[in-house]
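First listed ligand is number 1; within each ligand, the first listed atom is number 1. Residue numbers start at 1 and run along the sequence shown.
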Amino acid sequence: MKILIKSGRVIDPANNVDDIRDILIDNTRIARVGKGLNNGADKTIDAAGKIVMPGLIDMHVHLREPGREDKETIATGTQAALHGGVTTVLAMPNTIPAIDSAENARLIASIIRDTARIQVLVCGAITKGRLGEELVDLARLKKEGIAAISDDGSSVDSPDILFKAMKKARELRIPVICHCEDKTMSAGGVMNLGANSTRLGLRGISNESEYKRVQRDLSIAQRTKCSVHIAHISCAESVEIVAKAKKKGVKVTCETAPHYFSLTEEAVLDYDTNKKMNPPLRTAGDRDAVRQGLADGVIDVIASDHAPHTVAEKEIEFDRAEFGVTGLETEFGVSATYLVHTGLLDWAGLCRKMALNPARILGIDKGTLSAGSDADIVIVDPDAEWAVKIADFASKSRNSCFLNERLKGKVIKTIYRGTVAYSAD
Ligand code: DOR
Ligand code: ZN
C-alpha cells in the first residue's frame with residue numbers, strides 16, 4: 001500500500017525542514033519526502049493548509065495495565081494516544097504488579113503485543129515494588145527490553161541505592177527517570193503550599209520538596225556520570241537547577257507537562273479534583289519560569305503524565321481524591337495553544353519537545369520524517385479551534401484538567417506504521 005500525503009507544511013527539525021512537501025509512504029515506511037511527488041500511490045491525502053509532523057512521542061504515561069484496568073488498559077490508553085497524535089509512549093511501571101522483574105516485564109510485553117495500537121515502550125522500576133529498598137535486576141530487565149527505569153510516583157529516598165542504580169544504569173546504558181519529591185517535606189500535602197493552601201485549609205506541597213530532590217539527584221548523576229531525565233518539572237527553582245547542571249556538563253534532560261505551563265494553583269480554588277496532581281499546579285511565577293525554560297531549551301520535553309483515575313476516585317473530597325490527570329488527548333492542543341500560538345515556540349520547536357528530543361533520550365530511531373524511517377506521522381490543523389469534551393475521549397477515564405476548555409490546534413490524522421489509525425472526520 002502506498003499513501004501520498006500531498007502539499008502539507010512538513011515540519012522535521014531533525015532534517016531542518018519546514019516547507020511545503022509531499023511524503024510518500026510505502027507500506028510501513030517513509031519512502032520519499034520531496035516536492036511534486038506523484039508515484040502512483042494507492043491513496044492520496046490532501047494536506048494543504050495542514051502541518052505534517054513526526055508522530056508524537058510521549059515519554060510519561062500511566063496505562064494502568066496490569067492491575068487497574070478499571071482506570072485504563074493498554075488498548076484504551078493507546079487509542080487515546082492515537083486521538084492525541086501520539087504514536088509512541090513510554091509506560092510507567094507503577095502498575096500492579098510493578099514492572100520490577102523479568103517475569104513482570106514479560107507479562108506487560110505480552111499484553112502490549114496483543115492489544116497495543118501504537119508502540120509502547122516500557123519503563124522498568126528502579127527498586128522492587130518501587131519501595132526504594134532493594135534494587136531490581138537491571139541487566140535482566142534490559143534483556144527483557146525495558147527502555148528506561150524509574151520509580152515514578154515515588155522518589156528513591158536512599159542516596160546510596162540511587163547511586164548504585166545510576167552506576168549500573170550507566171554501565172548498561174539505560175536512562176534513569178527521576179520523580180523528584182522529598183516526602184519528608186510533602187507528606188500529606190494536596191496542593192501547592194502558600195497563601196492559597198492556608199486559606200483553603202489544605203495541606204501544602206512546597207517547591208522545596210521538589211527542587212531539593214532535583215538537586216540531590218543531579219549531584220548523584222554527576223558523580224556516577226549517568227544520563228538522567230527529570231520528570232514533570234513544576235517550579236522555577238527546578239528549572240534553574242537543571243539549567244546550571246547542564247552548564248556544568250551533567251548529562252541531564254528534563255520534561256514538564258502541559259498543565260504546568262497553562263494553569264496555576266488558582267485552578268484548585270473551587271476544589272476541582274480534576275486539577276489535583278503531583279507535583280501540584282504552582283504559582284503564576286512558576287508557570288512563567290516553566291514557559292521560559294521551554295523557550296530557552298532548558299526543558300527538553302513535553303510529556304502528558306497521563307494519569308487516569310475512576311470517577312469514584314475523583315468525585316470525593318479534595319484531600320482524599322487521587323493525584324493525577326489524563327493528558328494524551330489534549331497535550332497537542334494545549335501545547336499549540338499556550339506555546340506556539342503565543343509565540344514562545346515555533347512548530348519546529350514544539351516538534352523537538354514532543355517527538356525528536358524524547359526519541360533521542362530514549363535512543364530510538366523515531367521522531368523524524370527521514371526517508372527509510374517508520375511512517376509514524378501526525379497531520380494537524382494548526383488553526384482549528386475545538387472544545388475538550390468528555391464524549392470525545394477514548395481514554396477509559398475522564399479526569400482531564402482541560403474539560404470544556406477551547407483549544408487552538410487539532411489533530412486531524414494519526415498514521416502509525418503506514419496505516420491511518422485515527423481520523424478526526
Ligand atoms: O499526579 C500523579 N499521578 N503523579 C504521579 O507521580 C503519579 C501519577 C499516577 O500514577 O496517578
Ligand atoms: Zn511522577
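Judged by distance alone, the side chains of D58 and H306 never bring a donor and an acceptor atom under 3.5 Å apart. Between the side chains of S238 and E210, at least one donor-acceptor pair of N or O atoms lies under 3.5 Å. Side-chain contact of K413 with S423: a donor-acceptor pair under 3.5 Å is present, judged by distance alone.
Within the 4.0 Å heavy-atom criterion, neither part of M92 lies near ligand 1. Heavy atoms of M277 found under 4.0 angstrom from ligand 1 belong to the backbone as well as the side chain. Contacts between V325 and ligand 1, counted as non-hydrogen atom pairs separated by less than 4.0 Å, are absent for every part of the residue. Residue contacts with ligand 1 for R64 involve side-chain atoms from C-beta outward but no N, CA, C or O (heavy atoms, distance under 4.0 Å). For E322, no heavy-atom contact with ligand 1 is shorter than 4.0 Å.
When hydrogens are left out, the protein atom nearest atom 5 (C) of ligand 1 is N278 O, 3.7 Å; that is the closest non-hydrogen contact. Taking atom 8 (C) of ligand 1 as the reference point, the nearest protein heavy-atom neighbour is H62 NE2, 3.8 Å. In terms of protein heavy-atom proximity, atom 3 (N) of ligand 1 is closest to F323 O, 3.2 Å.
Near-neighbour remark for the Zn ion (ligand 2): protein N, O or S atoms under 2.8 Å are D152 OD1, H179 ND1, H232 NE2; waters not counted.
The residues D19 and R9 are annotated as not salt-bridged, no charged nitrogen and carboxylate oxygen being separated by less than 4.0 angstrom. Taking 4.0 Å as the cut-off between side-chain N and carboxylate O, K244 and E240 count as a salt-bridged pair.
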List the steps, then state whether side chain to side chain donor-acceptor pair (under 3.5 Å) holds for D286 with S234. CA-CA 7 Å; D286 292 305; S234 71; over 6 Å; no
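Here the side chain of K353 pairs a donor or acceptor atom with the backbone of L294 at under 3.5 angstrom.
Just one residue in the list E255, H60, K251 forms a side-chain hydrogen bond (donor to acceptor under 3.5 Å, both in side chains) with H229, and that residue is E255. Applying side chain to side chain contact (heavy atoms under 4.5 Å, CB included) to K276 and the options K314, M191, E322 leaves one that passes, K314.
For ligand 1, the atoms lying closer than 4.0 Å to a non-hydrogen atom of H179 are 6 (O). Atoms of ligand 1 lying under 4.0 Å from any heavy atom of G324, numbered from 1 in the order shown and given with element: 1 (O), 2 (C), 3 (N). Ligand-side atoms of ligand 1 in range of G153: 6 (O), range being under 4.0 angstrom from any heavy atom. When each atom of ligand 1 is checked for a heavy atom of H309 under 4.0 Å away, the hits are 11 (O).
In this view, H179 and H232 satisfy the ring-ring contact (aromatic ring centres under 6.0 Å, His included) rule, not counting sequence neighbours.
For the atom pair I74 CD1 and Q79 CD, the distance stands at 14.0 Å (nearest 0.5 Å).
Closest heavy-atom contact between L403 and F393: CD2-CE1, 3.7 Å.
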